Peer 1: 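Would you mind keeping the following structure in view while I ask a few things?
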Amino acid sequence: MTPRIDVPAEPSPFPIVAGKTALILIDMQRDFLLPGGFGESLGNDVSQLLKVVPPLATLLAAARAAGVMVVHTREGHQPDLSDCPPAKLSRGAPSKRIGDPGRYGRILIRGEYGHDIVDELAPIDGEIVIDKPGKGAFYATELSTVLTEAGITQLLITGVTTEVCVHTTTREANDRGYECLVVSDCVGSYFPEFQRIGLEMVKAQGGIFGWVAASAAVIPALSHLTTIPT
Ligand code: TIU
């Protein structure tokens with residue numbers, strides 16, 4: 001029998017299954033999170049995202065201790081912008097567009113300091129890093145193949161921003177047959193009302209495209225996973 005633990009979640013308990021569960025950290029990149037970075041330069045309140053880092057670091061440590069697969073994503077583009085659609089490139093204020101020089105290097109360009117993940121959540125050996133050109137982590141990436149080959153069916157979804165890349169990825173995953181738990185204090189939005197409504201939308205209508213629970217409910221389940229004899 002596959003060891004399985006039900007996490008108390010809304011709208012119903014969410015099954016975490018040993019060997020079939022992955023933790024996904026979406027776009028916890030300096031460009032989105034750090035003061036003086038791209039996100040703040042657009043007028044956003046980065047403190048709303050920075051508060052996600054401590055609980056997510058704790059959840060990440062618990063996942064690592066439980067042997068759960070960890071996948072990090074980064075939104076960004078090739079230095080020549082060949083993978084950035086004109087409709088995305090032309091968005092935003094002049095001089096603050098993708099590829100322009102920013103405080104932490106060229107904005108959202110692969111290889112630049114700002115494009116990489118914040119130090120507190122840096123990937124370690126053995127963890128997957130998916131570079132994605134879009135908002136959804138399945139679009140134009142190898143994520144689907146990676147998860148299929150690993151036999152993953154359950155996703156613990158975290159990262160930023162709740163209503164943009166977290167929602168897009170969760171919706172993509174749900175359509176592909178994954179069961180998705182969005183961890184409420186480990187996702188963040190620049191806009192408090194989008195955070196609240198974004199989480200409501202996931203779990204409405206009997207869990208229309210996912211489940212929602214706080215990390216305080218997920219972590220004990222992960223700890224228990226390590227104690228189940230296989
Ligand atoms: N990762 C992600 O959500 N990308 C964004 O551009 N989000 C914004 O909210 N701008």
Side-chain angles (χ1 to χ4, degrees), residues 23-53 56 60 70-78 81 83-100 102-110 112-118 120-123 128-141 143 155-174 180 182-202 209-210:
L23 173 66
I24 314 284
L25 294 87
I26 297 175
D27 301 358
M28 293 299 287
Q29 296 161 258
R30 298 183 182 110
D31 271 338
F32 291 123
L33 283 133
L34 293 191
F38 174 51
E40 190 175 78
S41 76
L42 296 178
N44 291 313
D45 176 7
V46 292
S47 70
Q48 297 294 329
L49 303 197
L50 282 169
K51 67 185 180 192
V52 169
V53 174
L56 182 47
L60 176 59
V70 176
V71 178
H72 305 257
T73 74
R74 300 183 295 202
E75 180 177 350
H77 297 276
Q78 305 282 0
L81 297 171
D83 58 350
C84 186
K88 183 178 183 184
L89 195 55
S90 61
R91 219 78 58 85
S95 86
K96 289 174 186 166
R97 291 181 177 158
I98 292 165
D100 287 343
R103 168 90 65 97
Y104 303 115
R106 290 182 68 205
I107 292 166
L108 290 185
I109 297 297
R110 294 180 191 168
E112 300 286 341
Y113 181 77
H115 172 263
D116 214 346
I117 293 164
V118 295
E120 296 89 332
L121 304 170
I128 311 277
V129 179
I130 300 283
D131 280 316
K132 62 186 186 62
K135 304 304 182 193
F138 288 85
Y139 168 68
T141 74
L143 180 58
L155 301 181
L156 306 174
I157 299 195
T158 67
V160 298
T161 62
T162 305
E163 76 280 12
V164 184
C165 293
V166 169
H167 252 226
T168 307
T169 300
T170 306
R171 290 165 190 253
E172 285 182 326
N174 180 67
C180 301
V182 177
V183 186
S184 55
D185 53 331
C186 294
V187 294
S189 170
Y190 297 119
F191 308 99
E193 68 272 35
F194 290 176
Q195 171 76 359
R196 183 175 62 77
I197 297 292
L199 291 171
E200 290 287 334
M201 289 167 76
V202 173
F209 61 95

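Since the structure is predicted, the reported quantities are computational estimates derived from the model, not experimental observations. Counting convention: from 1, in listed order, for ligands and their atoms alike.
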Peer 1: What closest approach, in Å, do L34 and V46 show between heavy atoms, and which atom pair accounts for it?
Peer 2: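 Smallest heavy-atom distance, with atoms named: O-CG1, 4.2 Å.
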Peer 1: So, applying side-chain contact (heavy atoms from CB on, under 4.5 Å) with V187, which one of V160, V202, V52, L199 is it?
Peer 2: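 The single option meeting the side-chain contact (heavy atoms from CB on, under 4.5 Å) with V187 is L199.
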Peer 1: Should the ring pair F32 and F38 be called parallel, tilted or perpendicular, given that the plane angle runs from 0 to 90° and is split at 30 and 60?
Peer 2: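 Rings of F32 and F38: tilted, 30 to 60°.
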Peer 1: Show the short N or O contacts, below 3.5 Å, that ligand 1 makes with protein N or O atoms; if there are none, say 'none'.
Peer 2:
| from | atom 1 | to | atom 2 | distance (Å) |
| --- | --- | --- | --- | --- |
| ligand 1 | 1 (N) | D27 | OD2 | 2.7 |
| ligand 1 | 1 (N) | V160 | O | 3.1 |
| ligand 1 | 3 (O) | T161 | N | 2.9 |
| ligand 1 | 3 (O) | T161 | OG1 | 3.2 |
| ligand 1 | 3 (O) | C165 | N | 3.2 |
| ligand 1 | 4 (N) | E75 | OE1 | 2.9 |
| ligand 1 | 6 (O) | K135 | NZ | 3.0 |
| ligand 1 | 7 (N) | T161 | OG1 | 3.4 |
| ligand 1 | 9 (O) | T161 | OG1 | 2.9 |

Peer 1: Rounded to the nearest 0.5 Å, what's the gap from CG on L49 to OG on S189? Could you check?
Peer 2: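 Here the rounded value is 7.0 Å.
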Peer 1: Please find the pair of heavy atoms, one from Y113 and one from R30, that lie closest to each other, and give the distance.
Peer 2: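 Result for this residue pair: O-NH1, 2.9 Å.
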Peer 1: Salt bridge (charged side-chain N to carboxylate O under 4.0 Å, His left out) with R110: which of D116, D31, D83?
Peer 2: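 Single salt bridge (charged side-chain N to carboxylate O under 4.0 Å, His left out) partner of R110 among D116, D31, D83: D83.
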